[in-house]
J.: 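Below: one structure in structure tokens.
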Amino acid sequence: MKILDRYIGKVVAISILAAISILLAFDLFLALLRELDEVGQGQYNMTEVFIYLFLSLPKRIYTFFPMAALLGSIVGLGLMASNSELTVMRASGVSLMRIVGSLMKVGVLMLVVVVLIGEIIAPFTEKAAENRRSVKISDQITLQTKYGFWARDGISYINIRDIKYGGDIADIYIYEFDDQHRLRISTYAKRASYEDDKWILQDIVQSRITSQGVKSQRVARAVLEDTLLDPGLLDAVIVRPEHMSIWNLYQYINYLKSNGQTAEKFQLAYWTKIFAPISMAVMIFLAAPFVFGPLRSVGIGARILVGTLFGIGFNIINKGFSNLGVVYDLNPVMSALAPSLVFLVIAVIMMRRVY
């Protein structure tokens, strides 16, 4: 039986790798077309485009694996069915569930690798990709440290300690220097938002340093004039839940709760990542009914088409439940798990008709 496991695993693994390669190639081509519109802005050239696309590969692999697993499994089993290999296996006494078990073994092995990519490599490379892209497009000198985000704005330096999900920023320090590089004005703003193409600062404390000493004043609201700070530059350092690992999401959720802030989107992202292996396993399991069920007599092209529709449907339902969960304040565990349960029920019903 080990020989059977290895053979089925080899055929399915090659098919899954082929499927994910095709999906990645198509997605990268579309991404390349989008990035061409940005070429020429600042220092963003074709070399930077390819670096950005390369760094974004781990995230794309993690995103497309469920659909690739479904399509690859359908193709792999479909090829064996077309060559009558599955018929020979069944005639030799190999049960349907034994074949499905071999399919799941290779699927779980590949799933483990993909989850490790998504949890360890993708968060780091995606952040690096977005940061490098934003810096090159804006052509500004920036730095991300444990003390927040730093950017040079002419002869001034801006330090933003808190960049909130949604675009608002808080705890902003602005240091303005003269031509002799001497600090002249130090400004602190409790929060700021970007409105009508300009930054609006609120709850401001400003200190002017002169030869007579330091003079401070408080201002409720002010406009940050003549700034080169592009809001798009902050996109690279905004905490995006889908780009964070499970551990970082857990820590950030606790941080938000301890500071009295809402954490629904991050909780949903956390549970979605927790249940991601289940979602991927369901997609692999769903391939069996396509080959042994009602579609066993149709061509491989029809199977791929139906499998693609199922994969797209899963993504739509998954995003739909995510949005509904945030809008209607649904339980994040159920919002994250529901799409997988729906497709698992569909797969089980289809298998019962076969078995």
Side-chain angles (χ1 to χ4, degrees), residues 8-36 49-80 82 103-104 106-123 125-126 129-130 133 240 242-243 269 272-273 275-291 295 298-320 322 339-340 343 346-347:
I8 294 176
K10 178 182 177 181
V11 173
V12 172
I14 292 174
S15 299
I16 291 176
L17 290 175
I20 200 167
S21 297
I22 294 172
L23 291 173
L24 285 175
F26 182 69
D27 185 58
L28 287 171
F29 176 72
L30 294 179
L32 175 62
L33 294 180
R34 291 194 298 269
E35 292 304 311
L36 289 178
V49 170
F50 287 116
I51 291 175
Y52 169 73
L53 294 178
F54 175 76
L55 290 174
S56 68
L57 267 178
K59 184 206 72 173
R60 299 176 192 276
I61 291 173
Y62 184 78
T63 301
F64 282 105
F65 181 76
M67 181 178 289
L70 174 60
L71 295 178
S73 299
I74 291 174
V75 171
L77 292 177
L79 289 174
M80 287 189 287
S82 300
L103 170 66
M104 294 303 298
V106 65
V108 169
L109 288 176
M110 298 186 74
L111 187 155
V112 170
V113 174
V114 170
V115 169
L116 290 176
I117 291 174
E119 287 300 306
I120 298 174
I121 301 175
T125 57
E126 185 64 18
E130 294 295 338
R133 178 182 182 275
R240 297 181 182 277
E242 63 271 19
H243 296 165
T272 299
K273 283 183 171 287
F275 294 131
I278 297 177
S279 301
M280 297 176 185
V282 168
M283 288 293 100
I284 297 172
F285 179 70
L286 190 60
F290 281 96
V291 177
L295 297 178
V298 303
I300 189 68
R303 292 175 185 162
I304 293 175
L305 175 61
V306 176
T308 302
L309 294 177
F310 264 78
I312 294 173
F314 176 79
N315 286 332
I316 292 174
I317 292 176
N318 199 23
K319 291 181 179 179
S322 298
S340 298
F343 277 81
I346 293 174

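Index from 1, following the sequence.
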J.: Are K10 and V106 side-chain neighbours, meaning at least one heavy-atom pair lies under 4.5 Å?
T.: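 A side-chain contact under 4.5 Å is absent here.
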J.: What is the distance from atom CG of L71 to atom CD1 of I20, rounded to the nearest 0.5 Å?
T.: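 Between atom CG of L71 and atom CD1 of I20 there are 10.5 Å.
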J.: Minimum heavy-atom separation for G76 and V11, please, with both atom names.
T.: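 That would be O-CG1, 3.6 Å.
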J.: At what distance, to the nearest 0.5 angstrom, does CD1 of I16 lie from CD1 of I74?
T.: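 So the CD1 of I16 and the CD1 of I74 are separated by 10.5 Å.
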J.: I want to check something: taking the side chain as every heavy atom from C-beta on, are V49 and L36 in contact at a cut-off of under 4.5 Å?
T.: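 The answer is no, as the side chains (C-beta and beyond) never meet within the 4.5 Å cut-off.
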J.: Mind jotting down which residue pairs meet the salt bridge (Lys or Arg N to Asp or Glu O under 4.0 Å) criterion with at least one end in residues 50-78? Sequence neighbours excluded, please.
T.: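 Listed once each, the pairs are D27-R60, K59-E126.
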J.: Please name the pair of heavy atoms, one in S56 and one in A129, separated by the smallest distance, quoted to 0.1 Å.
T.: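 So the two residues come closest at N-CB, 4.4 Å.
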J.: So, do K273 and E119 sit near enough that their side-chain heavy atoms are less than 4.5 Å apart?
T.: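 Yes. Closest side-chain heavy atoms under 4.5 Å.
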J.: Mind checking ring-ring contact (aromatic ring centres under 6.0 Å, His included) for Y52 and listing every partner two or more places apart, or none if nothing turns up?
T.: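 In terms of ring-ring contact (aromatic ring centres under 6.0 Å, His included), with neighbours along the sequence ignored, Y52 is linked to no residue.
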J.: Test side-chain contact (heavy atoms from CB on, under 4.5 Å) on S279 and F343; report intermediate values, then the result.
T.: CA-CA 9 Å; S279 301; F343 277 81; over 6 Å; no
J.: I want to check something: taking the side chain as every heavy atom from C-beta on, are F285 and S73 in contact at a cut-off of under 4.5 Å?
T.: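 No, every pair of side-chain atoms sits at 4.5 Å or beyond.
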J.: How long is the gap from OG on S21 to CD1 on I14, to the nearest 0.5 Å?
T.: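 So the gap between those two atoms works out to 11.5 Å.
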J.: What is the minimum heavy-atom distance between A276 and Y62, and which atoms define it?
T.: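 Closest heavy-atom pair between A276 and Y62: CB-OH, 3.3 Å.
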J.: Drop me the distance from F50's CZ to L32's CG, to the nearest 0.5 angstrom.
T.: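 With rounding to 0.5 Å, CZ (F50) is 5.5 Å from CG (L32).
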J.: Taking all non-hydrogen atoms of both residues, which atom of I117 and which atom of P123 are closest, and how far apart?
T.: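 Scanning both residues, the minimum pair turns out to be O-CD, 4.4 Å.
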J.: Is L53 close to L57 at the side-chain level, that is, under 4.5 Å between some pair of heavy atoms?
T.: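 No, side chains not in contact.
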J.: Measure the shortest side-chain to side-chain distance between F65 and M283 over non-hydrogen atoms and say whether it is less than 4.5 angstrom.
T.: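 No, side chains not in contact.
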J.: With rounding to the nearest 0.5 Å, note down the distance linking CG in L33 to CG in L28.
T.: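 The CG atom of L33 sits 11.0 Å away from the CG atom of L28.
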J.: Look only at the side chain of T125 and the backbone of A122, and say whether a donor-acceptor pair between them is shorter than 3.5 Å.
T.: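 Side chain of T125 to backbone of A122, a donor-acceptor pair under 3.5 Å: yes, one is there.
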J.: Could you tell me which residues satisfy side-chain hydrogen bond (donor to acceptor under 3.5 Å, both in side chains) with T63, sequence neighbours excluded, listed by chain and number?
T.: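 By the side-chain hydrogen bond (donor to acceptor under 3.5 Å, both in side chains) rule, T63 matches no residue at all.
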J.: For a quick test of reading the model, state the closest non-hydrogen atom pair linking I61 to V114 and the distance between them.
T.: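 The answer is O-CG1, 4.4 Å.
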J.: Can you name the nearest heavy-atom pair linking I284 to L103, along with the distance?
T.: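 What the structure gives for the nearest pair is O-CD2, 3.6 Å.
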